[in-house]
There are 2 protein chains.
Amino acid sequence: MMSDERHCYAFARPSVTTDIAVFTVDNAQLQILLIERKEAPTGWALPGGFLQVGDRRTELAVARGEPPPKQNFDFSLEDCARRELREEAGVSVGALHQLGAFGDANRDVRGRYVTVAYWAFVHKSQHRPKAGSDAKSVRWCQVSTLPGLAFHDHAYIIEQARGSIASQHLDTALFLDLMPQRFTYPEFHRTYQIATHRTIDRSSLHRRVLPLLRDAVIEDARSHLAAPRGAHRPPTMYDKARAVGATAAGAVAARTRS
Amino acid sequence: MMSDERHCYAFARPSVTTDIAVFTVDNAQLQILLIERKEAPTGWALPGGFLQVGDRRTELAVARGEPPPKQNFDFSLEDCARRELREEAGVSVGALHQLGAFGDANRDVRGRYVTVAYWAFVHKSQHRPKAGSDAKSVRWCQVSTLPGLAFHDHAYIIEQARGSIASQHLDTALFLDLMPQRFTYPEFHRTYQIATHRTIDRSSLHRRVLPLLRDAVIEDARSHLAAPRGAHRPPTMYDKARAVGATAAGAVAARTRS
DNA sequence: ACAAAAGTGTTCTTTGTACACCCATGT
DNA sequence: ACATGGGTGTACAAAGAACACTTTTGT
């Protein structure tokens with residue numbers, strides 16, 4: 001009902017969307033969150049969707065500094081990415097990293113789309129992906145065996161994101177986002193190697209990461225329950241929320257809720 | 001006449017623009033190309049403008065693979081940047097580097113704008129900036145003493161671009177775009193230092209750059225006319241068009257014209 | 001005791017740079 | 001001769017990583 005085209009402009013405009021490549025490490029594999037589209041073009045795709053802008057009057061008011069509407073309004077591109085991720089896939093992320101804008105005229109068969117791509121790291125435990133409004137389903141897919149994608153530049157975007165992650169002057173601290181609330185260094189070492197797709201000496205990485213975890217040690221011996229037990233020294237547990245540089249996904253989720 | 005708002009959509013859409021930070025080195029200063037806007041908000045700004053998209057029928061046809069219209073159509077975001085730079089400032093550049101997308105709701109008082117920012121290097125000799133349709137004037141401004149800008153995130157964008165240029169993992173070859181058709185290594189050395197805002201040993205930079213210029217030597221002794229004369233060995237002249245990695249602005253201009 | 005974790009010290013490589021000193025080539 | 005350009009060799013510094021080895025701490 002009422003899909004009237006009520007927003008009219010003197011010049012044609014493209015649709016603006018954000019797409020987000022959410023990576024996680026599980027089962028010794030780098031995985032990415034994909035959604036199965038309900039509408040054409042059907043198939044698998046990166047989660048994402050339209051930048052919600054207000055009508056003329058609203059936008060002018062916001063541009064003048066008035067408070068933005070609470071509903072159906074993305075103040076920033078990053079807001080849009082977070083919202084789409086939440087609505088479409090049920091996932092709230094910490095740090096979002098912008099990859100760039102993609103806008104070739106033939107990138108979407110439905111018409112002219114300009115998309116701003118982001119990537120993020122999460123740990124599965126903190127998210128329960130749930131297909132939202134526009135998605136038939138949501139799935140973690142191994143990046144090594146991606147299904148065919150509904151938009152032909154999504155594979156390229158994922159490629160770019162992986163390059164960004166691997167070839168790096170990327171801060172070690174960013175990889176903390178891949179960890180659960182509590183984790184040990186050996187776990188971090190394994191995860192880091194999988195995410196960057198290379199091997200690195202345990203001790204060398206340890207030296208780089210330890211400073212970040214200095215204040216995140218969980219002293220309580222009972223907390224070690226989740227750590228590997230055995231006839232050996234138990235690993236130190238760290239609390240992601242207290243690690244420097246980590247963007248606690250929990251905190252972000254809480255902030256969003258309030 | 002007929003500024004009717006003929007393009008209507010079910011959902012509000014932002015305007016999409018590109019902005020370009022064009023840098024050059026002249027008079028021992030890093031300079032940037034700014035235009036003086038004719039329309040509100042008046043004042044100085046980065047050259048740039050609207051992404052020209054077709055109407056629904058046109059875009060669908062292009063998305064299906066049919067050839068894009070010759071007129072008033074930007075196939076890619078980069079095409080848009082080149083066109084705007086040409087139309088608005090009379091400048092054609094070689095390599096364009098995407099900085100990212102900026103789309104906060106309060107970035108433009110006229111309404112909701114999403115801009116994709118690019119930066120480029122040029123040499124003044126190859127361009128005659130000329131105020132185009134939307135510009136009252138065009139000017140090279142020293143980045144050290146920028147005027148106030150009509151859009152408050154343009155200063156931020158310029159800042160980002162300068163950071164990108166200075167804090168390097170930037171390929172040396174890109175700086176060849178700052179040179180004229182023919183240049184000497186000592187000239188390159190000076191230019192490089194100004195652009196990156198640091199000093200570097202003549203000999204060290206020489207080693208990095210020489211491989212790029214191997215096949216660009218101008219043998220003809222008469223070509224040395226433009227080189228500094230004096231009671232000393234004359235410098236070797238190089239031809240930018242034959243240097244590896246340089247994107248000859250002339251070639252791009254020619255391609256555009258055909 | 002054993003095994004995994006934690007921690008330390010050393011070496012190696014790479015990369016970029018400075019620096020010193022050569023030769024080349026014009027007026 | 002001399003001033004500038006071109007070129008080479010060496011040394012140095014920092015960063016990242018490998019490697020070897022020790023110590024810790026539980027069963």
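Hydrogens, waters and symmetry mates play no part in the numbers below; they use all other heavy atoms, side chains included. By convention in this document, chain letters (A, B, ...) are assigned in the order of the sequence lines, proteins followed by strands, and residues within each chain are numbered from 1.
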Counterpart residues, ring pair (Phe, Tyr, Trp, His ring centres under 6.0 Å), relative to B/F183 (two or more places apart) =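 For B/F183, no residue satisfies ring pair (Phe, Tyr, Trp, His ring centres under 6.0 Å) once neighbours in sequence are set aside.
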Over 60° means perpendicular and under 30° means parallel, so classify the ring planes of B/F121 and B/F175, tilted if in between.
->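 Aromatic pair B/F175/B/F121 classed tilted.
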Which residues satisfy the salt bridge (Lys or Arg N to Asp or Glu O under 4.0 Å) test with B/D104, sequence neighbours excluded?
->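 So B/D104 forms no salt bridge (Lys or Arg N to Asp or Glu O under 4.0 Å) with any residue.
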Reported CG-to-OG1 distance for the pair A/L213 and A/T236, which is rounded to 0.5 angstrom |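 So the gap between those two atoms works out to 9.5 Å.
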Distance (rounded to the nearest 0.5 Å) between B/L96 CG and B/T247 OG1 =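 Answer for the CG-OG1 pair, B/L96 versus B/T247, is 8.5 Å.
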Salt bridge (Lys or Arg N to Asp or Glu O under 4.0 Å) contacts in which one or both residues fall within residues 151-160 of chain A, not counting sequence neighbours |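 Applying salt bridge (Lys or Arg N to Asp or Glu O under 4.0 Å) to every pair that reaches into residues 151-160 of chain A, excluding sequence neighbours, yields A/R107-A/D153.
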Within 6.0 Å of NE2 in B/H232, more than 12 heavy atoms from elsewhere =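 Result for NE2/B/H232: enclosed.
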Using a heavy-atom cut-off of under 4.0 Å over every strand shown, decide if A/T199 touches base, sugar-phosphate, or nothing.
->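 Sugar-phosphate contact only - A/T199 comes under 4.0 Å of backbone atoms but never of a base.
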Protein-nucleic acid N or O pairs under 3.5 Å, nucleotides 12-15 of chain D:
none

If I take atom [atom1] in residue [X] and atom [atom2] in nucleotide [N], what distance separates them, rounded to the nearest angstrom?
X      : N      : atom1 : atom2 : answer
A/Q193 : D/dG16 : CD    : C1'   : 15 Å
A/D201 : C/dT8  : CG    : P     : 15 Å
B/L205 : C/dT17 : CG    : P     : 8 Å

Contact string for nucleotides 1-8 of chain D, one letter per nucleotide 5' to 3', B = base within protein heavy-atom range under 4.0 Å, S = sugar-phosphate only, - = neither, reads -BBBBBBB
Determine, stepwise, if the pair B/Y192 / B/L178 fulfils side chain to side chain contact (heavy atoms under 4.5 Å, CB included).
-> CA-CA 8 Å; B/Y192 181 89; B/L178 285 169; over 6 Å; no
For the residue pair B/Y185 and B/Y238, is the inter-centroid distance of their aromatic rings smaller than 6.0 Å?
->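 Not close enough - the centres of the two rings lie 6.0 Å or further apart.
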Hey, does A/L149 have a side-chain heavy atom less than 4.5 Å from the side chain of A/I158?
->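 Yes, at least one pair of side-chain atoms sits under 4.5 Å.
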Which atom pairs link the protein and nucleotides 12-16 of chain C when you take only N or O atoms and keep those under 3.5 Å?
none

